[in-house]
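Below is one structure, written out as structure tokens, with a few remarks after it.
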Amino acid sequence: MNIQYDKEHRIFQLDTGNSCYLIGIADEEGFLGHVYYGPKIADTDLAYLMRTEEHPFLPSGNDRERGSFLDSFPFEFPGNNVGDYRESAVEVKDCRGNSAVLFTYRSHKIFRGKPMPEGLPATFGDEENSMTLLIELADEVLGLKAELYYSVFADCDAIARSVRICNCSQEEIALEKIMSVSLDMDDDDYRMLVLHGSWARERQMEYRGIGHGKQSVGSVRGESSHQEHPFFALAANGATQEQGEVYGFHFIYSGNFLGQVEKSQYDSLRVSLGIHPANFSWILAPGGSFHAPEAVMVYSDRGLGGMTRTFHDLYRNHLIRSSYRMKKRPVLINNWEATYFDFDDEKLLSIAKEAAALGIELFVMDDGWFGRRNDDSSSLGDWTVNEEKIRGGLPHLVEEVNRLGMEFGIWFEPEMVSPDSDLYRQHPDWAIALPGRRPCRSRNQYVLDLSRPEAADHVYESVARILKSANITYLKWDMNRQLTDLGSAFLDGKHQGELMHRYVLALYRLQERLVREFPDLLLENCSGGGARFDPGMLYYSPQIWCSDDTDAVERLTIQEGTALLYPLSSIGAHVSACPNHTVGRVTPFASRGHVALAGTFGYELDVTALSGEEKAQIPEQIALYHQYQGLIQSGDYYRIASYRENHSFDCYEVAAKDGSEALVTYVQVLAEPNRRSRRIKIPGLDPKKRYRIEGQERSYSGSALAHAGILIANRPGDFRSELIHIIEADD
Ligand code: GLA
């Protein structure tokens, strides 16, 4: 890792272990341009890549064609309405209603460590393992300053970027758009990889070609969403899992986003990623500033797998803060699919008793324990225990569960209010709604206007009061509807455009308060399944519920898309009952266990209703979890084959970083008639070491495993899975 400035050529050079990023200052006006991003190179004398020398239109030499220059220069932070017609990174409206802005270079600083954007989740680093470049730009006409932050890390090939805009003028200025990443590069025949989805179908990988004009992903739903993900990658045509160039871009934010690639008339690409400009506006008072959320860029010349492993390391080492980060998470059982709303203390305790006897360590009481909530039509906001269901109160139930030797966890949906609730009857103006319009219900509920401090405080107090009332060690923070009808009775007309971002900031404040006051709490975020599985939430909770679809086969694809970016230790995954409640499929209990092992591992079923044969497998599965969780939590993830692509089988591996062992999961989803055994190559081990497969006599070299592979027998039956444990051999 290093950052330096080549004064002679006016080039900044950011080096990670294997990648390099160059930024240049061009012409007398100080236009900041992108020079290079890719494998490490020795030279910094590469300003010619900005094409300023061959360019007949450089303003200092040929101001007659200034427009041609501005519309083709590879701006690092492009402005708006001053001659560059491509996607801008920033737009403003000044007090006269004009919207032009153009930032040019003023100064810079290079320092060890990494500053954190205030009130926002972001990657962290100390003086030993990170370095930062801060470039200050200015628009003198408006009196605006832009601070561009770039940080690199000693242990991973990632660059974190963020932008702060400061109003140094005497007038109010509205910030109408701000992208955290803008990057201009030549098109070298890339495909765009995105993650799309829906409820129960989150994070499906999809490749798109890149045509002229704009192609984008985004959310205007107030959360990162089921539908699209604040991520995209540019993958060189032909790049595979382990070969080829890939640039990944990921936004550390949980609200609206826009990610876009624009191919220009000259075949260059402009990459943008930031807060979605739709319904966004932020008033910058004189002296005021706005820090746009951080985004991360990862370059890999080892295919998608290289990108994946960099994101995993970055998030494990520089984003997840919880004390549970590298700690074993308790095996949990959640009653949602077991009972839905139909439970009482007796039913819960009967599940807990059976679960404890089988070795399950944490009991989680899901939705339905508060107010008068027996279905989804009421009571969100009324966070008092329903003592008709939980007789004897919460402390009593928790004590009973603790007495069984289990920890106790609880579900909340703090950001919501039911129209049929005491909270809504007392404070109808606390819900997000537009004057004169009937607010849109979704799952029968409204979203609380968290920009209103007393509403946010009320939410916090409600959660904290329950947590303090009993020995609760786990909290599932859910969010079951998206935002629309954007109106706040708290904000005045001028500030209405701030609602969506203020909402996200308030959510972050709430979770920050929570993790500070309850540092030992295991927090799991959730949103109608996995609609808020994003790096922003990972800063507060070490694990996030991945999807309400717990079918083992569906999960293969959902978890593949999720693990493309997120460490397995963050992926909430449970064994549930069959026929599966979402798709009706029946899969072997053993396969459900194997698939859930590639996540936080737990159960979401009524153990008292299982067959003896299934029940008997639970202690065995838990033993597997205890055996492998350390490896799964800390190892390198390799995607060997994808059911999504081959429609037949799935295979992935976690290899220990020291090359001492690996765990391969193989799932033959659909039986294949008259097939011989399948050869599977196992990367990630030390080619010089020798290994044994648990249960077999012979040994293999790491190089044989990687290049020659092993054979997996073809056995009859759908949904067959096996775990292959490879351990270093003594000989
Ligand atoms: C969401 C969650 C589920 C469950 C229900 C409860 O759908 O994803 O796991 O908690 O809410 O209403």
Side-chain angles (χ1 to χ4, degrees), residues 197-203 221-227 254 332-343 347-348 351 362-383 386 389-390 408-421 441-448 463 466 472 474-482 522-534 537 541 543-551 554-555 558-559 562 570-577 580-583 592 596 599-606:
S198 184
W199 174 78
R201 258 191 291 119
E202 294 90 339
R203 289 171 293 287
R221 297 166 185 267
E223 62 171 355
S224 44
S225 87
H226 300 97
Q227 287 75 12
S254 311
L332 71 77
I333 185 159
N334 176 302
N335 75 306
W336 178 240
E337 287 196 25
T339 65
Y340 295 100
F341 296 101
D342 184 17
F343 62 83
K347 177 71 199 164
L348 297 183
I351 295 176
L362 163 68
F363 180 84
V364 178
M365 177 171 70
D366 210 280
D367 193 358
W369 56 266
F370 51 91
R372 287 171 293 102
R373 191 155 166 99
N374 294 314
D375 54 36
D376 65 14
S377 66
S378 83
S379 302
L380 293 169
D382 297 344
W383 300 109
N386 178 347
K389 281 168 114 171
I390 311 296
F408 187 90
I410 197 165
W411 177 97
F412 267 98
E413 197 177 353
E415 301 155 64
M416 297 293 152
V417 63
S418 302
D420 179 9
S421 66
R441 290 188 191 190
S442 181
R443 210 196 190 206
N444 231 328
Q445 63 201 54
Y446 299 145
V447 184
L448 282 173
V463 176
I466 293 286
I472 298 171
Y474 163 104
L475 171 69
K476 176 172 168 188
W477 182 304
D478 206 345
M479 194 270 196
N480 277 324
R481 66 154 288 182
Q482 303 177 323
L522 174 55
L523 180 62
E524 176 156 352
N525 272 296
C526 172
S527 177
R532 217 160 50 183
F533 204 126
D534 60 57
M537 301 316 285
S541 68
Q543 61 193 57
I544 303 176
W545 183 230
C546 182
S547 176
D548 279 346
D549 193 338
T550 51
D551 171 65
E554 292 299 310
R555 273 297 184 115
I558 298 170
Q559 291 178 194
T562 308
S570 67
I571 300 177
H574 298 164
V575 175
S576 64
N580 177 267
H581 293 194
T582 307
V583 295
R592 282 175 260 161
T600 55
F601 197 74
Y603 293 85
E604 181 125 358
L605 40 69
D606 183 354

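Being a predicted model, the structure only gives us computed values, none of them experimental. Just so you know, ligand 1 is whichever comes first in the structure, and atom 1 is the first atom listed for that ligand. Because only heavy atoms are used, hydrogens play no part in the values below, and waters and symmetry mates are left out as well, while side chains stay in.
Protein heavy atom closest to atom 8 (O) of ligand 1, with residue, atom name and distance, is Asp548 OD1, 2.5 Å. The protein heavy-atom contact nearest to atom 9 (O) of ligand 1 is Lys476 NZ, 2.7 Å. Protein heavy atom closest to atom 10 (O) of ligand 1, with residue, atom name and distance, is Asp366 OD1, 2.7 Å. Of the protein's non-hydrogen atoms, Asp478 OD2, 2.8 Å is the one closest to atom 11 (O) of ligand 1.
Results of the side-chain hydrogen bond (donor to acceptor under 3.5 Å, both in side chains) test with Asp366 over Asn335, Thr339, Asn334 single out Asn334 as the only residue that passes.
Close contacts between ligand 1 and Asn480 involve ligand atoms 1 (C), 7 (O), 11 (O), 12 (O) [criterion: under 4.0 Å to a heavy atom]. Of all atoms in ligand 1, numbered sequentially from 1 with element shown, those under 4.0 Å from a heavy atom of Cys526 are 2 (C), 8 (O). Counting atoms of ligand 1 from 1 in the listed order, those under 4.0 Å from a heavy atom of Asp367 are 6 (C), 12 (O).
When non-hydrogen atoms are compared, ligand 1 lies under 4.0 Å from neither the backbone nor the side chain of Glu413.
Using a 30° and 60° split on the angle between ring planes, Trp336 and Phe341 fall in the perpendicular class, above 60°. Aromatic ring orientation, Trp383 versus Phe370: tilted (interplanar angle from 30° to 60°).
Residue Phe341 has no nitrogen or oxygen atom sitting less than 3.5 Å from a nitrogen or oxygen atom of ligand 1, judged on distance alone. Ligand 1 has an N or O atom lying under 3.5 Å from an N or O atom of Arg443, backbone or side chain.
Across every non-hydrogen atom of Gln559 and Ala573, the tightest pair is OE1-CB, 3.5 Å.
A salt bridge links Asp606 to Lys347: at least one charged side-chain nitrogen sits closer than 4.0 Å to a carboxylate oxygen.
Residues satisfying the ring-ring contact (aromatic ring centres under 6.0 Å, His included) criterion with Tyr603, sequence neighbours excluded, are Phe601.
No cation-pi contact links Arg203 to Trp545, judged by a cut-off of 6.0 Å to the six-membered ring centre and 45° from its axis.
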